[in-house]
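Chain A is the first sequence line, chain B the second, and so forth, proteins listed ahead of strands; every chain is numbered from 1.
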Number of protein chains: 2
Amino acid sequence: MMARTRTSRDDSTAERILDVAERLVQTRGFNGFSYADIAAELGITTASLHYHFPAKAALGRALIARYAERFSGALHRIDQDLADARAKLAAYADLYAGVLGGKRMCMCGMLAAEYETLPQPMRSAVIRFFDENRTWLAHVLSEGLQDKTLTFASPEEEVAQGILSTLEGAMLVAGPYGDMAPFKSTVRVLLANLSS
Amino acid sequence: MMARTRTSRDDSTAERILDVAERLVQTRGFNGFSYADIAAELGITTASLHYHFPAKAALGRALIARYAERFSGALHRIDQDLADARAKLAAYADLYAGVLGGKRMCMCGMLAAEYETLPQPMRSAVIRFFDENRTWLAHVLSEGLQDKTLTFASPEEEVAQGILSTLEGAMLVAGPYGDMAPFKSTVRVLLANLSS
DNA sequence: GTCTATAGGCAGATAGAC
DNA sequence: GTCTATCTGCCTATAGAC
């Protein structure tokens with residue numbers, strides 16, 4: 001009962017639009033690209049874009065929704081695949097490293113900067129993304145206390161907030177240098193502080 | 001031999017333009033405001049704005065220049081006024097807290113997000129700002145080893161990079177919540193990790 | 001679903017009067 | 001220095017043919 005002949009990746013126009021728009025948001029910001037940019041890259045017209053996403057705000061909502069879903073999936077996979085909390089945290093940092101390695105900023109970090117200019121639905125989605133990350137991190141930190149792979153003195157929630165802030169900031173500051181080194185330095189110090 | 005009757009603050013039109021534009025960059029981003037926004041707020045026309053700053057790129061350059069100069073002054077004042085490295089670091093974090101308390105993002109953090117869309121002169125200025133901050137931090141960290149008010153294992157440069165990243169990220173993530181609490185949590189954890 | 005054509009608005013920017 | 005008037009271009013968005 002397959003709806004389509006695709007293997008796993010969805011090549012529909014809507015998905016290809018999201019792919020291009022996603023890269024543009026992550027590199028230039030939501031206010032830094034236009035429908036014309038996407039259309040030109042895909043070889044279609046802006047009118048076609050409006051068929052799939054009637055307004056830019058709708059495109060924005062779809063972008064965060066898909067991004068957050070993927071990220072959520074990655075977190076669950078980390079939970080399933082890795083045993084100790086220390087390894088989970090390292091894998092979490094690697095998620096960010098992968099994004100930066102693709103010359104991109106975290107989508108929600110980028111949108112956090114532009115927050116004041118965003119339509120309301122996008123704002124709520126950004127908040128939810130951060131909330132989910134903090135919750136997941138706090139859980140991993142609790143685990144780390146139990147399995148003794150992590151050491152820290154402050155409350156889980158504060159440390160979780162610190163980790164999220166540090167990784168988002170590390171991407172933000174490293175971006176302009178076009179170099180992974182500053183990011184890696186920061187991650188090294190961060191993880192060192194959480195080991196005995 | 002006073003050039004003007006002002007007390008200390010410069011109320012010239014150019015300065016008032018910079019004041020408004022500065023707030024707009026820090027809250028909405030460089031791509032998130034227009035000459036019309038500034039003009040409306042000051043009760044002048046956009047043509048007048050172009051008299052003072054011929055192009056938006058020129059305004060942008062002036063904005064970073066003034067911001068970086070002020071920040072640099074604040075760092076030197078910290079060096080003069082405070083004795084131990086621990087206190088200097090706390091004062092440094094307070095600089096960021098003050099910006100966030102004014103419902104703003106660090107200007108260069110904001111511009112780092114928009115980096116790809118910026119004219120070249122603004123890009124270099126953003127890089128220089130971060131460089132100066134890292135250098136200053138590394139110096140304070142060295143001091144902290146000597147006066148024994150700071151403890152850390154990683155190289156000064158890496159820790160400096162980590163501090164800068166953490167503070168920028170803490171502002172970025174806290175912004176959307178309109179609340180100082182997440183920022184303060186992060187700073188608390190950060191400073192705790194640098195104390196014995 | 002994709003196109004052509006176009007509307008309507010706002011962007012950054014300039015000329016020239018006062 | 002500040003204005004009015006205007007230009008050009010780009011932006012989001014829509015109508016309607018294919």
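The distance from atom CD of A:E15 to atom C1' of C:dG1 is 16 Å, rounded to the nearest whole Å. For the pair B:K56 NZ and D:dC10 P, the computed distance is 16 Å after rounding to whole Å. As a whole-Å value, the separation of A:D37 CG from D:dC10 P is 11 Å. In this structure, the CD1 atom of A:I38 is 11 Å from the P atom of D:dA13, given to the nearest Å.
The aromatic rings of A:Y92 and A:F71 sit perpendicular to each other, their planes meeting at more than 60°, with 30° as the lower class boundary.
Residue B:R28 holds its CZ atom at 6.0 Å from OG1 of A:T117, rounded to the nearest 0.5 Å.
A 4.5 Å side-chain heavy-atom check between B:M107 and B:F129 finds every atom pair outside the cut-off.
The stretch residues 22-35 of chain B does not touch DNA chain D, since none of its heavy atoms comes less than 4.0 Å from the strand. Looking at residues 45-52 of chain B, you'll see B:T45, B:A47, B:S48, B:Y51, B:H52 sit with a heavy atom under 4.0 Å from some atom of DNA chain D.
For A:E22 and A:R70, the salt-bridge test passes: some basic side-chain N is under 4.0 Å from an acidic carboxylate O.
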task: Applying side chain to side chain donor-acceptor pair (under 3.5 Å), run through B:S185 and A:E157 and close with a yes or a no.
output: CA-CA 9 Å; B:S185 290; A:E157 289 74 20; over 6 Å; no

query: Would A:S195 and A:R86 count as a side chain to side chain donor-acceptor pair (under 3.5 Å) if you check the C-alpha gap in whole Å, the side-chain angles of each, and the deciding distance to 0.1 Å?
result: CA-CA 8 Å; A:S195 305; A:R86 181 73 169 62; 2.9 Å; yes

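A donor-acceptor distance shorter than 3.5 angstrom exists from the side chain of B:K56 to the backbone of B:F30, with no hydrogens or angles considered.
Not counting sequence neighbours, the partners of B:R134 by the salt bridge (charged side-chain N to carboxylate O under 4.0 Å, His left out) test are B:D131.
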